[in-house]
Amino acid sequence: MAYLDAASTEPLHPAARDALLAAIDAGWADPARLYGTARRAQMLLERARAEVAELIGARADEVSFTSSGTQAVHLGVLGTLAGRRRAGRRLVASAVEHSSVLHAGEVHERDGGEVEIVGVGRTGRVDAEAFAAAVARPGTALACLQTANHEVGTLQPVEDAAEASREAGVPLLVDAAQSAGRLPVPGGWSVLTASAHKWGGPAGVGVLAVRKGVRWRSPLPEDERERRRVPGFENVPAIVAAAAALRARSAEAEAEGRRLAALTGRIRAEVPRLVPDVEVVGDPDLRLPHIVTFSCLYVEGEALLTELDKAGFAVSSGSSCTASTLRPSHVLEAMGVLTHGNVRVSLPRGVSEDDVDRFLAVLPGIVRRIRSSLGVR
Amino acid sequence: MWRRRPDGRDTRAEEPEAPPRPAEVPALTVDALGRKCPIPIIMLAERINQVPMGAVVAVLADDPAAFTDVPAWCRLKSHEHVASHELPQGGWSIHVRRNY
């Protein structure tokens, strides 16, 4: 089986596996207690925090660990809105944010707040000027922008958004889930969120960093853990493994990123040549190294995934028939590109060139068979 | 989730618009109500050549994917997406002009 779905989750990095096994023995005790084993767990936790902080460009006391990237976003969005309630009740976010951002926005709307969604162009890139104008409107409490899109790989104009937010005096939440460990974390954020399993750490660890001076109030019941930002007992072994994976991954990022970008570049170029009526979506240049997404006309996304699975390829799709809802991906809708017959290929660290070659070899026949089964000539 | 305007108009940034023409009666209606994508697109592709050049085909569809996919198909195939009108019973009548 060729695993080409790294954007859903990256296989555990070997460095994370080693760190996890060691920390299960050394870091199981309650880091909030005062005896020896507890102090050792606390030391491991704080060392992991310092390491993650350094790699994302934060201070250690700005970083909290959550139970997932989704929880980091929920707490980041709702906590900043709560802390800024007196400044205003407007939330600005791009149309292609991760569903965790948009769902937090729905909670805010139900609570009487206002949400302004900023659209994207055909490549999925946010219009920086429209974003700046939305942020500058009075009463804006928080703006949210991802570093890069999780479905099509397009990089977002985070630096422009950070500058506009700074000028307007509005905090900017940057969701770095898809790029952390692969590309340097851009500066200029007020709140940063990320997810360890996307960079090769274990599942169950998210990162929430809140810049010193940004007003933040927990939307959840009071709890002592993680500087009162995140409720519940920390999973110290998983956090230690997450930090080890981020360190290892960041050290490899440049060389591996170049290699993966060349492979996704080849898929971008070859698929439209090998398969008729295909649209490759996302920005051809301003993109993540490991993601490439395309849509095949007259093909059902689910059939495509099933056939690729049978041929030994794990990929994902934003087509409606493959989602838990009956709606197609909100990202593809916002871009105005084909939503059916959609395939996202995302390459994990160390993927072999051979897997990419075989994918390109089997795809044309699979698409042809599905089309002919639907009566398309 | 990202939502469309309730009036069903596409509010995304579009290419510069052609000068407004009076609303046109479709030369052909393709009824794809109840059909899931990509079937509505396949039906449109099969039948668009049945109307004269420059005439309009109306695709009736209620799969949410069709709202995005019919205009995207027009762009890929160099036909013109004229407009999408919401239907009272749900779904849309999506008007496409045959360009070649």
Side-chain angles (χ1 to χ4, degrees), chain A residues 93-99 101-103 105-106 109 115 117-122 125-127 129-130 272 276-279 281 295-304 318-321 323 325-342 370-371 374-377, chain B residues 1-17 30 32-50 59 61-84 86 90-92 94-96 100:
Chain A
S94 91
V96 297
E97 294 303 303
H98 186 261
S99 56
V101 173
L102 302 177
H103 285 146
E106 285 168 13
E109 269 182 329
V115 178
I117 297 295
V118 181
V120 297
R122 192 77 71 206
R125 193 166 159 92
V126 170
D127 177 344
E129 275 177 37
D277 289 325
V278 165
E279 181 178 33
V281 299
S295 295
C296 307
L297 260 180
Y298 316 130
V299 171
E300 211 192 327
E302 189 177 356
L304 200 45
S319 296
S320 52
C321 46
T325 62
L326 288 173
R327 296 197 63 86
S329 138
H330 69 279
V331 173
L332 301 177
E333 274 190 342
M335 292 165 64
V337 297
L338 277 187
T339 70
H340 72 258
N342 179 258
I370 297 171
R371 282 179 178 159
L374 291 172
V376 179
R377 288 171 300 277
Chain B
M1 287 285 134
W2 181 81
R3 274 153 304 186
R4 316 184 161 107
R5 288 278 181 79
D7 60 10
R9 269 204 324 263
D10 193 337
T11 55
R12 285 183 291 266
E14 282 292 333
E15 289 82 27
E17 275 177 40
V30 174
L33 292 168
R35 309 299 299 272
K36 296 282 168 217
C37 265
I39 304 299
I41 310 284
I42 294 175
M43 292 168 78
L44 169 63
E46 270 172 359
R47 301 194 59 190
I48 192 160
N49 289 342
Q50 295 174 2
V59 183
D62 51 12
D63 180 5
F67 183 85
T68 305
D69 285 10
V70 173
W73 179 85
C74 291
R75 183 167 48 76
L76 294 175
K77 292 289 173 190
S78 305
H79 291 296
E80 183 194 345
H81 170 233
V82 182
S84 297
E86 220 164 284
W92 303 270
I94 309 170
H95 290 200
V96 174
Y100 58 89

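Just so we're clear, the structure is a prediction, and the values are computed from it rather than from any experiment. Letters A, B, ... are given to chains in the order of the sequence lines, protein chains preceding strands, and every chain is numbered from 1.
The aromatic rings of B:Phe67 and B:Trp92 lie tilted to each other, with the angle between the two planes from 30° to 60°.
Residue A:Asp127: no heavy atom, backbone or side chain, is found under 4.5 Å from chain B. A:Val376 touches chain B through its side chain: at least one heavy atom from C-beta onward sits under 4.5 Å away, while N, CA, C and O do not. Neither the backbone nor the side chain of A:Val331 comes within contact range of chain B, judged by heavy atoms closer than 4.5 Å. Only the side chain of B:Leu76 comes within less than 4.5 Å of a heavy atom of chain A; its backbone N, CA, C and O stay farther away. For a residue to count as touching a neighbouring chain, one of its non-hydrogen atoms must lie under 4.5 Å from one of that chain's; by this rule A:Leu338 touches chain B with backbone and side chain alike.
Applying the 6.0 Å contact sphere to CD of B:Glu46 captures more than 12 heavy atoms from other residues, nucleotides or ligands.
In plain terms, the two heavy atoms of A:Asp277 and A:Arg371 that are nearest each other are O-NH2, 3.1 Å.
Once rounded to the nearest 0.5 Å, the distance linking NZ of B:Lys36 with NE2 of A:His340 reads 14.5 Å.
Counting only distance, with no hydrogens or angles, the side chain of A:Arg122 and the backbone of A:Gly336 share a donor-acceptor pair below 3.5 Å.
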